[in-house]
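Have a look at the structure below, then the notes.
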Amino acid sequence: MTNLVLLGPPGCGKGTQSKILVDTKQYFQVSTGDLLRKSVNSGSKQGIAVKKIMEKGELVPDSMVIEMLLDVIKKHKKKSFIFDGFPRNINQAEQLEKSFNKNKTKINFVIFINVNLDILEERIKKRIEESDQNNVREDDNINTLLKRVEIYKEMTLPLLDYYKRKDLLWEIDGMQPIDVVSKNIKEIIAN
Ligand code: AMP
């Protein structure tokens with residue numbers, strides 16, 4: 001069993017790469033974003049609260065995300081997991097590690113898909129300028145994306161150092177074509 005964490009900013013291709021690994025390497029993908037969207041679509045009280053947070057581009061409280069994640073891990077014991085969008089901060093990383101330690105398992109690889117944040121932000125800002133000012137929803141989405149990048153820098157980037165110190169961190173140039181990034185990931189997990 002090999003457990004893998006994919007790290008990187010919104011839009012770097014974590015989801016795409018996870019799906020390739022699920023199809024070709026029999027990993028079980030755990031996307032906290034997907035789990036939260038399911039909760040939103042259920043229309044439950046919790047889902048309504050989550051929707052508001054996601055729309056603002058902020059992080060959903062750790063307690064809620066961690067509970068959802070541990071529940072999935074428990075249900076799919078003995079699988080190789082690929083974590084897509086989790087952890088998003090140090091506390092989440094520590095909680096995941098604690099749970100794995102209890103079950104005598106561990107994270108084997110943390111792969112950072114590095115994309116140029118300036119280019120990402122520039123792209124988003126350009127889209128703001130070009131968007132129809134009457135189309136409020138489009139602006140909201142773009143603002144959400146900018147907020148997500150900001151939160152990524154503040155909360156998620158410190159994870160690079162955290163995992164580097166644990167000797168788990170690998171870095172890939174995420175500006176390359178999808179198939180090259182995928183090949184790079186497969187080379188790393190073959191180690
Ligand atoms: P994603 O699909 O991973 O891009 O996530 C979409 C949104 O879901 C994020 O902007 C957050 O609001 C929320 N979210 C996803 N994963 C997490 C997480 N691990 N911790 C907190 N919020 C999360």
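Just follow the structure's listing: the first ligand is 1, and inside any ligand the first atom is 1. Keep in mind it's a predicted model, so treat the numbers as computed, not measured.
The nearest heavy-atom contact from the protein to atom 1 (P) of ligand 1 is Arg88 NH2, 3.6 Å. The nearest heavy-atom contact from the protein to atom 22 (N) of ligand 1 is Val60 N, 3.1 Å. Leu36 CD1, 3.5 Å is the protein heavy atom nearest to atom 13 (C) of ligand 1. For atom 10 (O) of ligand 1, the closest non-hydrogen atom on the protein side is Arg148 NE, 3.3 Å. Of all protein heavy atoms, the one closest to atom 17 (C) of ligand 1 is Thr32 OG1, 3.6 Å.
Residue contacts with ligand 1: Lys14 is excluded, as none of its non-hydrogen atoms falls under 4.0 Å.
Here the closest heavy-atom approach between residue Tyr163 and residue Ala93 is recorded as OH-CB, 3.4 Å. Here the shortest heavy-atom pairing between Cys12 and Ile113 reads O-CG2, 3.6 Å.
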What donor-acceptor contacts under 3.5 angstrom involve side-chain atoms of residues 18-27, with partners at least two apart or in another chain?
| from | atom 1 | to | atom 2 | distance (Å) |
| --- | --- | --- | --- | --- |
| Ser18 | OG | Lys14 | O | 2.8 |
| Thr24 | OG1 | Ile20 | O | 2.7 |
| Thr24 | OG1 | Lys186 | NZ | 3.3 |

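Listed by number with element, the atoms of ligand 1 under 4.0 angstrom from any heavy atom of Gly85 are 16 (N), 17 (C), 18 (C), 19 (N). Within the listing of ligand 1, atoms 18 (C), 19 (N), 20 (N), 21 (C) sit less than 4.0 angstrom from a heavy atom of Val65. Using a 4.0 Å cut-off to heavy atoms of Met54, the atoms of ligand 1 that qualify are 6 (C), 7 (C), 8 (O), 12 (O). Close approach to Arg37 involves these atoms of ligand 1, each under 4.0 Å from a residue heavy atom: 2 (O), 6 (C).
Relative to the six-membered ring of Tyr162, Lys166 meets both conditions, a distance below 6.0 Å and an angle of at most 45° to the axis.
Using a 4.0 Å cut-off between heavy atoms, Glu58 contacts ligand 1 through its backbone alone, with no side-chain atom that close.
Using modelled atom types, one side-chain atom of Gln17 and one backbone atom of Ile178 make a donor-acceptor pair closer than 3.5 Å.
Under the 4.0 Å criterion applied to side-chain N and carboxylate O atoms, Glu150 and Lys147 are assigned as salt-bridge partners.
The neighbour count for Lys79 NZ, taken as heavy atoms of other residues, nucleotides or ligands under 6.0 Å away, is above 12.
Of the N and O atoms on the side chains of Asn89 and Asp62, at least one donor lies less than 3.5 Å from an acceptor on the other residue.
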